[in-house]
Amino acid sequence: MQRTMTVILFAAGVALGVVAFLEGGWARVGAGLRGTGSLLVETAVLIAAAFVLAGLIQVLIPRETVTRWLGEGSGWRGLLIGGVAGALIPGGPYAYYPIAVAFLRSGANIGTIVTFVVAKNLWTVSRLPIEVALLGVHVTWVRYLVTLAFPPLAGLLAQALFRGGGRWVRDGLPEAAE
Amino acid sequence: MIIATAVLVVLAVVAAGAAHRQDPAKARGGALAGLRMLRGMLPLLVAAFFVAGMLAVALPTQLVHRFLGGASSVLDVVIGSVAGGLIPGGPYVSFPIIAAIHQAGASLAATVAMVTGWAVWNLGLLSFELALVGPRFTLIRVSATLLLPPLAGFATHLLFG
């Protein structure tokens with residue numbers, strides 16, 4: 001999966017290089033490569049620190065603790081806890097979707113789970129440094145402010161549109177998740 | 001960039017200190033797990049930065065200006081949202097790409113719509129969601145978040161445009 005992704009990205013980079021060459025010759029391609037290099041050098045310490053921090057968070061906040069916080073949650077408290085848990089939980093989709101399934105199994109309602117997933121997507125704290133580093137303080141600030149209400153809003157909407165959706169989803173879980 | 005790096009280094013040191021107080025082996029284990037993760041992702045990171053670097057010189061600036069540059073906020077936001085949903089990979093892959101598009105002249109509203117579109121319409125995430133939680137959850141989650149990226153873009157335009 002990751003290897004395929006890497007190959008696809010390199011191919012895309014080469015294709016973009018060809019476009020750059022057609023537009024401005026080797027000088028343009030050279031500028032792109034220099035840009036790549038300086039991006040890597042400028043963010044090297046940041047990226048190393050981010051990964052060390054991610055590893056440390058994983059040993060500091062055990063998965064069971066998060067499951068406990070969310071498992072019993074419902075209503076506004078559940079939405080709030082779901083949102084905060086989503087914001088704090090580190091790791092990619094292979095990490096948080098299994099946790100969402102664990103919440104579903106422990107009886108969390110659909111609004112809480114949707115809030116959790118959308119908060120992971122929009123509020124996630126671990127992504128903040130890279131977003132600030134690459135997009136700047138202003139864009140990041142506006143982005144977080146504008147999407148601040150979205151996770152609980154999506155949770156409420158899911159709850160309103162699909163009453164009892166938690167059980168329906170639970171009954172339809174993929175066999176691999178059983 | 002220097003501030004963000006400093007904040008992260010401080011956070012990492014604080015987290016390491018907290019873990020060390022609990023158990024020194026825990027601190028070492030966590031830091032090593034992070035570095036192992038980094039080693040595993042390094043080829044992907046280099047590839048992503050390569051795309052970002054090339055995108056910066058290959059992106060026809062006029063095209064970005066025309067479609068995302070603020071001439072039409074509706075077009076900006078809609079194209080930004082869809083483009084965001086199509087950008088593949090995690091933040092280390094996609095943010096360099098979004099930053100390149102922003103620097104090429106995409107408006108603030110288009111950029112916010114792009115980040116939000118990437119976060120909630122992400123096609124790459126869909127395969128994980130379908131496989132791990134199933135199509136019923138995907139249906140509910142997609143219905144509840146369908147309007148969020150353009151909403152974020154228009155809100156940005158109205159508040160900060």
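Sequence lines set the chain letters: A, B, ... in the order given, protein chains first and strands last, and positions in each chain run from 1.
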If I measure from the heavy atoms of chain B, does A:Val118 come under 4.5 Å with its side chain, its backbone, both, or neither?
side chain

If I measure from the heavy atoms of chain B, does A:Ala48 come under 4.5 Å with its side chain, its backbone, both, or neither?
both

Under 4.5 Å to a heavy atom of chain B? For A:Leu156 that would be neither

Contacts under 3.5 angstrom, residues 10-23 of chain B side chains, donor-acceptor by atom type, not counting sequence neighbours:
residue: B:Gln22; atom: OE1; partner: B:Lys26; partner atom: NZ; Å: 2.6
residue: B:Asp23; atom: OD1; partner: B:Ala25; partner atom: N; Å: 3.1

Name all residues meeting the side-chain hydrogen bond (donor to acceptor under 3.5 Å, both in side chains) criterion together with A:Thr36; count only those two or more places apart in sequence or in a different chain, and write none if there are none.
none

Side chain from CB out, backbone as N, CA, C, O: work out which of these in A:Val18 comes under 4.5 Å of a heavy atom of chain B, or both, or neither.
neither

Closest-packed option against chain B by number of heavy-atom pairs under 4.5 Å, given A:Ala49, A:Gly35, A:Gly165:
A:Ala49

Under 4.5 Å heavy-atom distance to chain B, tell me which part of A:Val146 shows up: side chain, backbone, both or neither.
side chain

Examine whether an atom of A:Ile110 lies under 4.5 Å from a heavy atom of chain B, and if so say whether it belongs to the side chain, the backbone or both; otherwise answer neither.
side chain

Can you tell me how far CG of A:Leu135 sits from CE of B:Met114, rounded to the nearest 0.5 angstrom?
9.0 Å

Contact origin within A:Val139 toward chain B - heavy atom pairs under 4.5 Å
both

Check: A:Trp168 and B:Leu139 side chains under 4.5 Å, non-hydrogen atoms:
yes

Roughly how far, to the nearest 0.5 Å, is OG of B:Ser94 from CD of A:Glu131?
9.0 Å

Between B:Leu148, B:Thr116, B:Leu108, which has the largest tally of heavy atom pairs under 4.5 Å with chain A?
B:Leu148

Would you call B:Phe50 and A:Leu33 a side-chain contact if the rule is heavy atoms closer than 4.5 Å?
yes

What option among B:Ala152, B:Gly153, B:Gly134 has the most heavy-atom pairs under 4.5 Å with chain A?
B:Ala152

Does any part of the side chain of B:Val51, heavy atoms only, come nearer than 4.5 Å to the side chain of A:Phe10, both counted from C-beta?
no

State, with a plain yes or no, whether a side-chain heavy atom of A:Ile47 is found less than 4.5 Å away from one of B:Phe49.
yes

Quick check on the interface: out of B:Leu32, B:Val112, B:Leu38, who has the most heavy-atom pairs with chain A under 4.5 Å?
B:Leu38

Working to the nearest 0.5 Å, report the span between CG of A:Asn121 and CG of B:Asn122.
8.0 Å

For the CG atom on A:Leu40, are there more than 12 heavy atoms of other groups (residues, nucleotides or ligands in this structure) within a distance under 6.0 Å?
yes

Can you tell me how far CZ of A:Phe21 sits from CE of B:Met54, rounded to the nearest 0.5 angstrom?
11.5 Å

Counting only non-hydrogen atoms closer than 4.5 Å, does A:Arg143 touch chain B with its backbone (N, CA, C, O), its side chain (CB onward), both, or neither?
both

A:Val137 portion near chain B, given a 4.5 angstrom heavy-atom threshold
neither

Side chain, backbone, both or neither of A:Phe162 within contact of chain B (heavy atoms, under 4.5 Å)
side chain

Based on non-hydrogen pairs under 4.5 Å, which of B:Pro135, B:Ala113, B:Ser143 is most in contact with chain A?
B:Ser143

Tell me which of these, A:Thr124, A:Leu22, A:Val142, has more heavy-atom pairs under 4.5 Å with chain B than the rest.
A:Val142

If you define the side chain from C-beta out and look only at heavy atoms, does anything of B:Phe137 sit under 4.5 Å from A:Val117?
yes

In the structure I gave you, are the side-chain heavy atoms of B:Val57 and A:Glu23 within less than 4.5 Å of one another anywhere?
no

Is any side-chain heavy atom of A:Leu145 less than 4.5 Å from a side-chain heavy atom of B:Phe160?
yes

Side-chain heavy-atom pair A:Asp171, B:Arg136 within 4.5 angstrom cut-off:
yes

Distance check, rounded to the nearest 0.5 Å: A:Leu157 atom CG versus B:Ile140 atom CD1?
11.0 Å

Select, from B:Leu35, B:Leu159, B:Val115, B:Thr145, the one with the greatest count of heavy-atom pairs under 4.5 Å involving chain A.
B:Val115

